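Following: one structure in structure tokens, then a few remarks.
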Amino acid sequence: MISLVGKAALVTGGGRGIGREISLKLARAGADVGVCDIDLATAQQAAGEIEALGRKALAVKADVSSADDVAAMFESFLQAFNRIDILVNNAGITRDGLIVRMKDEDWDRVININLKSAFLCCREAGRPMMKARGGKIINIASVVGLMGNAGQVNYSASKAGLIGLTKTLAKEFASRGIMVNAVAPGYIQTPMTDKLTDEQKQKLLAYIPLQRLGQPEDVAHAVLFLASGLADYITGQVLTVDGGLVM
Ligand code: NAD
């Protein structure tokens with residue numbers, strides 16, 4: 001049984017989808033959780049559910065691509081919890097299109113929200129975690145960061161970049177007892193993948209040995225493991241949660 005009692009976790013993009021499931025899973029294991037989202041109402045709803053589990057919760061509105069928002073978010077998080085043991089960089093978006101038609105703003109927005117955000121949040125979390133000589137950082141990447149995907153040059157580059165960031169920070173932080181890992185989900189049923197047509201989903205299933213899309217809980221289980229003491233000798237790794245899509 002995994003226990004995170006006494007730990008404080010911050011989850012970005014925690015208002016819905018995979019991030020919401022991760023926030024609740026960490027809280028059920030005993031952690032107090034800060035839920036960050038650009039959509040405050042969803043963050044507040046998730047925080048309410050966490051409080052109903054008997055845990056401390058904080059809802060924070062922040063655009064994780066903004067250095068000012070991220071600094072303010074850490075200030076209120078550390079004021080409320082006085083420590084940070086677990087950081088989950090989960091917030092992410094897609095703006096798909098073939099490269100020849102992709103606008104600069106679609107490239108910039110995806111890179112900034114999916115990748116720069118992790119740089120900003122890890123920089124803020126680094127100091128208190130180094131002082132405490134411990135911590136767990138989990139970055140939510142994607143299988144397309146490993147294998148590429150036509151129509152997602154911005155998204156796959158952001159997720160591949162997140163994997164490089166993960167491995168570098170694992171090396172920078174190892175001597176301070178801070179583990180940095182990535183989880184690379186395959187196709188998970190959330191509002192993000194609801195955009196896919198039934199035909200697209202059927203085509204995908206042909207490549208997934210387990211013959212189903214994943215659920216947010218499948219990803220949350222991997223995050224819970226990496227956030228726990230069971231993963232104290234694991235750093236710089238990419239754990240795919242994809243039904244066998246990439247192997
Ligand atoms: P989602 O769209 O359902 O949820 C994303 C959350 O992030 C939302 O609550 C949204 O409001 C928040 N968000 C968006 N921009 C933000 C910003 N600038 N600042 C703060 N919060 C912001 O997506 P999801 O499917 O739950 O995906 C979560 C993560 O998992 C993303 O990083 C995504 O790339 C990754 N992922 C998802 C899948 C999938 O199949 N769903 C597969 C691989 C990776």
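One is the number of the first residue; the rest follow in order along the sequence. The structure presented is a predicted model; accordingly, all values stated were derived computationally and were not measured.
- Between Ile22 and Ile140 there is a side-chain heavy-atom pair separated by less than 4.5 Å.
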Pair Met179-Leu226, side-chain contact (heavy atoms from CB on, under 4.5 Å): steps then yes or no | CA-CA 9 Å; Met179 314 297 142; Leu226 289 171; over 6 Å; no

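- By the neighbour-count criterion of 12 heavy atoms within 6.0 Å, atom CD of Gln45 is sparsely surrounded, having that number or fewer from other residues, nucleotides or ligands.
- Ionic pairing of Arg95 and Glu105 is not present here: no N-O contact between side-chain nitrogen and carboxylate oxygen is shorter than 4.0 angstrom.
- A heavy-atom distance below 4.5 Å is found between the side chains of Arg212 and Asp218.
- Partner of Ile84 under the side chain to side chain contact (heavy atoms under 4.5 Å, CB included) criterion, out of Met129, Glu124, Lys7: Met129 alone.
- Leu230 places a side-chain heavy atom less than 4.5 Å from the side chain of Ile2.
- Salt bridge absent: Lys116 and Asp108 never bring a charged side-chain N and a carboxylate O closer than 4.0 Å.
- The existence of a salt bridge linking Lys25 and Glu217 is confirmed by a sub-4.0 Å separation between a basic side-chain nitrogen and an acidic carboxylate oxygen.
- We find that Arg83 and Asp32 are not joined by a salt bridge, their nearest charged nitrogen and carboxylate oxygen being 4.0 Å or further apart.
- Using a 4.5 Å cut-off on side-chain heavy atoms (C-beta onward), Phe173 and Ile137 make contact.
- A side-chain donor from one of Asp96 and Gln152 sits under 3.5 Å from a side-chain acceptor of the other.
- Exactly one of Leu24, Val60, Ile50 qualifies for a side chain to side chain contact (heavy atoms under 4.5 Å, CB included) with Val35. That residue is Ile50.
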